Amino acid sequence: MKRKKNDTLDYLDGRKKLSATELKFMEFIWEHPEGISSEQIYENKRFHQATGTKSTILYNISEKGYIRNVQQGRHHIYYPNVTKLEYEQAVIKQRLKRSFEQSSFTNLFASFFGKNELSEKQIKRIEQMLEEIENEFGNE
């Protein structure tokens, strides 16, 4: 399977985006924020992969920084480093960023006011407003 060039999430410190399979594992781990053992994951009926494959998937998720694990005997306990909400917000922000690059965003904004384009001064004001809004949400 060929990866997209930019599969990192700027809003999660540049972590690589989870694959569909990795996301399924993470959804199960998110259901257990207090931690879940490798044994519980391996035995879960929603995962049909071989044990070695499951182990590799968990390793990859860990390498991407989404989980940490603590070894207890022969098993590992996995804990999420990122909440499901944080991950979903980062994915949405990344999609919006790609969809509305500078020129596209300003064109979209201009169209709300029935104009073809915005002046440099108007663009600067919009950027300042967006930065203020982002800073306000970051402080909540």
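We number each residue from 1, following the sequence as shown. On a predicted model such as this, the values are computed, not experimentally measured, just so you know.
Screening residues 56-82 for ring pair (Phe, Tyr, Trp, His ring centres under 6.0 Å) gives Y66-Y87 as the qualifying pairs, with residues at least two apart or on separate chains. Sorted by first and then second residue, the salt bridge (charged side-chain N to carboxylate O under 4.0 Å, His left out) pairs involving residues 66-90 (not counting sequence neighbours) form an empty list.
Counting only heavy atoms from C-beta outward, the side chains of I61 and M26 approach each other to under 4.5 Å. For the pair L23 and W30, the minimum side-chain heavy-atom distance is below 4.5 Å. Two residues are said to be in side-chain contact when any heavy atoms from C-beta on lie closer than 4.5 Å; Q71 and I77 fail this criterion.
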Criterion salt bridge (Lys or Arg N to Asp or Glu O under 4.0 Å) on E22 and K64, from CA distance to verdict: CA-CA 10 Å; E22 291 167 344; K64 290 180 178 182; 2.6 Å; yes

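Within a 6.0 Å sphere centred on NZ of K54, heavy atoms belonging to other residues, nucleotides or ligands number more than 12. The local environment of CD in E27 is crowded, with over 12 non-hydrogen atoms from other residues, nucleotides or ligands closer than 6.0 Å.
Listed for the K93 side chain is no donor-acceptor partner under 3.5 Å among the backbone atoms of Y11. Between the Q94 side chain and the D10 main chain, a donor and an acceptor come within less than 3.5 Å of each other.
Qualifying side chain to side chain donor-acceptor pair (under 3.5 Å) partners for S119, counting only residues two or more places apart in sequence or in other chains: Q122. With sequence neighbours excluded, the residues satisfying salt bridge (charged side-chain N to carboxylate O under 4.0 Å, His left out) with R46 are E31. Residues forming a side chain to side chain contact (heavy atoms under 4.5 Å, CB included) with T21 (at least two apart in sequence, or on another chain): S19, F25, Q49, I57. Shown here are the ring-ring contact (aromatic ring centres under 6.0 Å, His included) partners of F113, two or more places apart in sequence or in another chain: F109. Qualifying side chain to side chain contact (heavy atoms under 4.5 Å, CB included) partners for S62, counting only residues two or more places apart in sequence or in other chains: I67, N69. With sequence neighbours excluded, no residue forms a ring-ring contact (aromatic ring centres under 6.0 Å, His included) with Y42. Every residue meeting the side chain to side chain donor-acceptor pair (under 3.5 Å) condition with Q40, not counting sequence neighbours, appears here in chain and number order: S37.
A90 approaches L9 most closely through the heavy-atom pair O-CD2, 4.1 Å.
Using a 4.5 Å cut-off between side-chain heavy atoms of Ile, Leu, Val, Met, Phe, Trp and Tyr, with links allowed through other members, I126 and F112 fall into the same hydrophobic cluster. L58 and V70 fall into different hydrophobic clusters, where Ile, Leu, Val, Met, Phe, Trp and Tyr residues are linked whenever their side-chain heavy atoms come under 4.5 Å apart, directly or through other members.
Atom CZ of F28 and atom CD1 of I41 lie 6.5 Å apart (nearest 0.5 Å). Taken to the nearest 0.5 Å, the CZ atom of R125 stands 10.0 Å off from the CG atom of L118.
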